[in-house]
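Structure first, then comments.
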Amino acid sequence: MTFVRKEPHYTFGVVCLFFLISFIGLLNHEMWLDELQAWLIARDSTSLVNLFQNLRYEGHPGLWHIGLYLISRFTQNPIAMQFFHLSIATASTYIFVRFSPFTRLQKILFSFGYFPLYEYNIISRNYSLGLLFIFLFCVLFPKRANHYWLLAIILALLANTNIYSFIISICLLLTLIIDYFYNQNLLKAVVPRSKNTLLSFILVLAGYIIALIQVIPPDDAKFTGSAKLFTESNVLVNNIKHFAYVLMTVWRSYVPIPNIFDFHFWNTNLLIEGAGIFRFFALLLSLGLLIFSIAIFIQKPIILFLYTSGTLGILLFAHIKFLGYLRHHGHLFILFIVCLWLASYYPRQYFFNSSINRLSKFFTKYKQPVIMIILYIHVVASIFTYTMDLLYPFSASKEVAQIIKSQELDQYLISGSKDYAVAPLAALLNQSIYYLESDRLGRFINWNQRKNLDEAEFVRRLENIVQNNTTVLVLNHEIYNKVYKLLNVSQIFKTNKSIVQGEDYYLYLVKRSKLLVK
């Protein structure tokens with residue numbers, strides 16, 4: 001009883017500490033393109049119908065954007081998005097600390113690890129929303145006989161957060177179906193309410209259809225995702241290398257050690273970004289982690305199915321469609337944690353094949369030490385990335401926006417090339433920018449209207465702009481020398497302090513050359 005009385009105090013303390021550390025991190029985090037692109041789409045949409053029209057080329061379901069849309073009806077400040085995101089991350093942490101079956105130390109280590117504290121918390125994206133629904137599913141799973149309708153709602157919402165959560169949602173649904181027929185006691189309890197169960201199934205399928213409609217690219221989409229990494233003419237070599245690289249995402253996810261020797265450390269891994277021999281070790285260690293995980297779940301067939309189907313689904317998506325980045329790969333590790341959580345609800349089953357039992361027993365003996373090592377590594381990675389984010393700008397966009405305002409440069413037309421780098425300024429300045437790639441004035445990027453510019457086309461479009469307007473030109477690279485010869489150019493500012501690669505900035509004031517004035 002003493003433990004029960006102390007448990008709420010422990011939960012309250014951990015969650016409050018998580019919130020405080022996160023709050024400090026958010027105040028010092030400079031938002032980058034992917035965060036602000038979602039905010040711009042939501043803020044500039046005139047209705048929910050218009051919101052989904054603007055999301056056609058984003059490749060994400062719109063649940064996160066609906067939340068941002070509602071918030072943006074009350075404020076134009078993107079900081080509101082950060083605090084909305086923090087509330088979701090804090091709720092997820094509360095659920096995990098309060099209800100998960102892990103030890104107190106493991107709960108602390110996970111909560112302050114790389115993904116829950118930094119990647120899915122400090123950086124405001126839709127992934128934290130997926131984490132919240134996954135944890136809610138785990139809490140309700142033991143009571144599934146009476147709550148299939150509620151689980152169906154959670155799975156439908158989970159599918160509408162992002163494509164990786166969609167894959168996990170499908171695997172959780174299949175796990176529920178297999179468990180439904182596999183567990184005789186559960187079957188007896190549910191059969192009298194079979195109509196409710198059927199309605200729950202229809203509900204989750206409706207959620208999946210809604211999600212699919214949103215993530216499948218329109219027929220005219222120019223960007224549909226690409227998993228291609230290598231350009232060798234030998235297709236077999238190409239496929240083998242790519243498959244090996246996809247397998248290494250397991251190591252990336254389970255052991256997210258950033259390359260501490262690179263200032264642009266985000267999305268890197270110390271082994272994978274190293275020499276070829278280190279990549280080979282990363283591949284072997286990825287295979288080892290997969291074998292270890294399968295071995296510790298093998299005596300719990302329902303959980304083994306969930307782990308193998310979910311892991312295979314995410315890896316196949318990376319191989320066939322889009323390789324992704326660490327924020328995407330992190331769902332492999334989250335799935336592993338979920339399987340450990342749900343495995344606590346099932347007894348072990350011993351097989352007639354004694355070699356399988358011996359294999360499982362061998363790896364299970366090292367289960368806790370391996371998990372603890374992984375969790376400690378996640379905390380170290382979290383401390384490093386969090387500290388770097390405090391000390392250095394995650395994106396230089398905030399600094400550039402402040403310079404434009406302080407020098408009253410916003411009175412001029414602001415234009416930019418490499419729109420993926422320039423777009424954050426549209427949110428921070430709350431004004432439209434002329435994007436050279438799409439040859440239009442706008443705020444959020446329309447990925448289907450843009451095209452990469454060569455030097456000649458860049459110069460031509462810039463010349464057209466300055467015929468009638470003096471412009472503040474924002475680039476993430478030095479301006480072409482040819483422009484100095486044709487136009488009146490003066491550099492205002494440059495910075496190379498951004499952790500996010502590509503969001504360093506060069507500011508120029510560009511006017512028509514006197515030679516062109518008649």
Side-chain angles (χ1 to χ4, degrees), residues 30-41 44 57-59 78 123 221-223 225-226 262-264 266-267 322 325 392-404 409-410 412-466 469-484 486-487 489-510:
E30 299 80 14
M31 288 176 280
W32 76 297
L33 169 66
D34 277 19
E35 296 173 87
L36 293 171
Q37 168 78 350
W39 174 255
L40 284 169
I41 291 174
D44 294 347
Y57 305 106
E58 288 295 304
I123 302 173
K222 297 176 182 177
F223 176 77
S226 174
D262 186 354
F263 179 73
H264 303 294
W266 189 53
N267 283 322
F322 180 63
Y325 299 94
Y392 303 99
F394 189 73
S395 167
S397 57
K398 183 177 180 180
E399 180 184 12
V400 172
Q402 290 172 344
I403 288 171
I404 290 174
L409 298 172
D410 49 352
Y412 299 109
L413 172 69
I414 298 176
S415 59
S417 180
K418 305 298 182 187
D419 48 10
Y420 58 83
V422 181
L425 298 178
L428 298 174
L429 295 171
N430 195 20
Q431 70 181 74
S432 297
I433 291 176
Y434 195 91
Y435 296 119
L436 272 73
E437 275 79 8
S438 52
D439 200 18
R440 70 180 182 92
L441 194 66
R443 299 198 180 189
F444 63 86
I445 300 172
N446 185 318
W447 302 106
N448 219 48
Q449 291 182 355
R450 66 188 302 276
K451 71 174 184 177
N452 293 324
L453 304 179
D454 57 23
E455 181 179 347
E457 184 62 18
F458 169 88
V459 173
R460 187 189 70 78
R461 293 191 178 186
L462 184 59
E463 283 184 306
N464 288 338
I465 292 173
V466 298
N469 298 280
T470 295
T471 183
V472 175
L473 178 65
V474 185
L475 304 174
N476 67 347
H477 58 84
E478 292 273 9
I479 198 169
Y480 298 117
N481 290 329
K482 184 179 179 180
V483 179
Y484 283 103
L486 297 174
L487 301 171
V489 180
S490 56
Q491 188 176 81
I492 303 169
F493 174 78
K494 70 174 181 179
T495 178
N496 58 355
K497 296 179 181 179
S498 177
I499 290 173
V500 177
Q501 205 159 19
E503 292 199 11
D504 298 324
Y505 292 96
Y506 298 79
L507 264 66
Y508 301 91
L509 191 65
V510 185

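FYI, side chains are in, hydrogens and waters are out, and symmetry mates aren't considered; it's all heavy atoms of this structure. Everything numeric in this text was worked out from a predicted model, so none of it was measured.
- From Phe444, atom CZ reaches atom CG of Asp44 across 6.5 Å, with rounding to the nearest 0.5 Å.
- No side-chain heavy atom of Glu463 sits less than 4.5 Å from a side-chain heavy atom of Val483.
- Side-chain contact between Arg440 and Asn446 is present, with at least one heavy-atom pair separated by less than 4.5 Å.
- Side-chain contact check for Ile445 versus Leu33: some heavy-atom pair is nearer than 4.5 Å.
- Judged by distance alone, the side chains of Glu58 and Trp447 do bring a donor and an acceptor atom under 3.5 Å apart.
- Side chain of Tyr435 to backbone of Arg443: a donor-acceptor contact under 3.5 angstrom is found.
- Side chain of Glu437 to main chain of Lys418: a donor-acceptor pair is present (N/O by atom type, distance under 3.5 Å, no hydrogens or angles).
- Phe493 contributes atom CZ, which lies 11.5 Å from atom CG of Leu409 (distance to the nearest 0.5 angstrom).
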Before you tell me yes or no, could you show the steps for Val472 and Tyr508 under side chain to side chain contact (heavy atoms under 4.5 Å, CB included), namely the whole-Å CA-CA distance, both residues' side-chain angles and the distance that decides it to 0.1 Å?
CA-CA 6 Å; Val472 175; Tyr508 301 91; over 6 Å; no
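- For the atom pair Ile403 CD1 and Thr495 OG1, the distance stands at 7.5 Å (nearest 0.5 Å).
- Formation of a donor-acceptor pair under 3.5 Å by the Tyr505 side chain with backbone atoms of Ala421 is found in this model.
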Trace of the side chain to side chain contact (heavy atoms under 4.5 Å, CB included) decision for Tyr480 with Leu462
CA-CA 11 Å; Tyr480 298 117; Leu462 184 59; over 6 Å; no
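- For the residue pair Gly416 and Ile433, the shortest heavy atom distance occurs at N-CG2, 4.1 Å.
- The distance from atom OG of Ser415 to atom CG of Asp439, rounded to the nearest 0.5 Å, is 11.5 Å.
- With contacts defined as side-chain heavy-atom distances shorter than 4.5 Å, the pair Tyr420/Asn476 qualifies.
- Counting only N and O atoms by type, the side chains of Glu503 and Ser498 include no donor and acceptor under 3.5 Å apart.
- Ile479 has its side chain within reach of Tyr484: a pair of non-hydrogen atoms, C-beta onward, lies under 4.5 Å apart.
- Closest approach of Leu473 and Phe458 over heavy atoms only: CD2-CZ, 4.1 Å.
- The two residues Val500 and His264 have their closest heavy-atom pair at C-ND1, 4.1 Å.
- The line from CZ of Phe394 to CD1 of Ile123 is 4.0 Å long, rounded to the nearest 0.5 Å.
- Nearest heavy-atom pair across Ala423 and Leu40 is O-CD1, 3.7 Å.
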Determine whether Tyr506 and Ile492 satisfy the following criterion, side chain to side chain contact (heavy atoms under 4.5 Å, CB included), listing intermediate values before the conclusion.
CA-CA 8 Å; Tyr506 298 79; Ile492 303 169; over 6 Å; no
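- Residues Tyr434 and Thr471 fail the side-chain proximity criterion, which asks for heavy atoms closer than 4.5 Å.
- Taken to the nearest 0.5 Å, the OG atom of Ser397 stands 7.5 Å off from the CD atom of Glu30.
- Checking side-chain atoms of Glu457 against main-chain N and O of Asp454 turns up no donor-acceptor pair under 3.5 Å.
- The ring pair (Phe, Tyr, Trp, His ring centres under 6.0 Å) test with Trp266 singles out one residue from Tyr325, Trp32, Tyr392, and that residue is Trp32.
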Residues Leu436, Ile465; criterion side chain to side chain contact (heavy atoms under 4.5 Å, CB included); working and verdict:
CA-CA 9 Å; Leu436 272 73; Ile465 292 173; 3.8 Å; yes
